[in-house]
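Predicted, not measured: the structure shown is a model, and the values here were computed from it. Scope of the values below: all heavy atoms of this structure, side chains included, with no hydrogens, waters or symmetry mates.
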Amino acid sequence: MAKFQLDSGEKLLGEAQASHVKTVMLLPQANPGRLYITDRRVVFEPTQGRASSAFENALAEIEGFSVGAVSTITLRLRGGETRKITGMFNKKLIQALLDAGVQKD
């Protein structure tokens, strides 16, 4: 996957190490990487684990997010899909999501 780059006129609101938790064979698997939140999109780039854990969603595709145990962030996408993010910098990422205008459930 190509390295994260801002589009023309796009503003980075927050970035941090995080893990995208995906279910594989009914078991949750944390895939370490970096999460980027801009004024237009949310992007996860894995540094280890499954390359399929990478994702990019425009802010318009994200209905909202919730915060669970140990500051786990669950992004709720239009159409019912969810993305679960864990990490020690999630308070920073939560603020960046709010700054981007994503509604907290």
Aromatic F44 / basic R34 pairing, under 6.0 angstrom, 45° off normal: no
Show which side-chain atoms of residues 96-105 pair as donor or acceptor with protein atoms under 3.5 Å away, not counting sequence neighbours.
{"residue": "D99", "atom": "OD1", "partner": "Q95", "partner atom": "NE2", "Å": "2.8"}
{"residue": "D105", "atom": "OD1", "partner": "R76", "partner atom": "NH2", "Å": "2.7"}
{"residue": "D105", "atom": "OD2", "partner": "R76", "partner atom": "NE", "Å": "3.2"}
{"residue": "D105", "atom": "OD2", "partner": "R76", "partner atom": "NH2", "Å": "3.0"}

Side chains of T72 and V67: does their closest heavy-atom pair fall under 4.5 Å? no
Is there a side-chain contact between L77 and F55 in this structure, where contact means two heavy atoms from C-beta onward sitting under 4.5 Å apart? no
In terms of side-chain geometry, is the basic nitrogen of E10 or R40 positioned less than 4.0 Å from the acidic oxygen of its partner? no
Thinking salt bridges, do R41 and E61 make one under a 4.0 Å N-O criterion? no
With clusters defined by side-chain heavy atoms of hydrophobic residues (ILVMFWY) lying less than 4.5 Å apart, directly or transitively, does [Y] cluster with [X]?
{"X": "I94", "Y": "F89", "result": "no"}
{"X": "L93", "Y": "V21", "result": "no"}
{"X": "L6", "Y": "V43", "result": "yes"}

Once you round to the nearest 0.5 Å, how far does [atom1] of [X] lie from [atom2] of [Y]?
{"X": "E56", "Y": "Y36", "atom1": "CD", "atom2": "OH", "result": "12.0 Å"}
{"X": "S53", "Y": "R83", "atom1": "OG", "atom2": "CZ", "result": "10.0 Å"}
{"X": "I85", "Y": "T74", "atom1": "CD1", "atom2": "OG1", "result": "8.5 Å"}

Can you name the closest pair of heavy atoms from A30 and S19 and give their distance? CB-CB, 4.0 Å
I37 and L12 have their tightest heavy-atom pair at O-CD1, 3.6 Å
Would you mind listing every side-chain hydrogen bond (donor to acceptor under 3.5 Å, both in side chains) that reaches into residues 84-94, with sequence neighbours excluded? none
So, does E45 use its side chain to make a donor-acceptor pair with the main chain of L35 at under 3.5 Å? no
Please check if the side chain of N31 supplies one atom and the backbone of H20 the other of a donor-acceptor pair under 3.5 Å. yes
Name all residues meeting the ring-ring contact (aromatic ring centres under 6.0 Å, His included) criterion together with F65; count only those two or more places apart in sequence or in a different chain, and write none if there are none. none
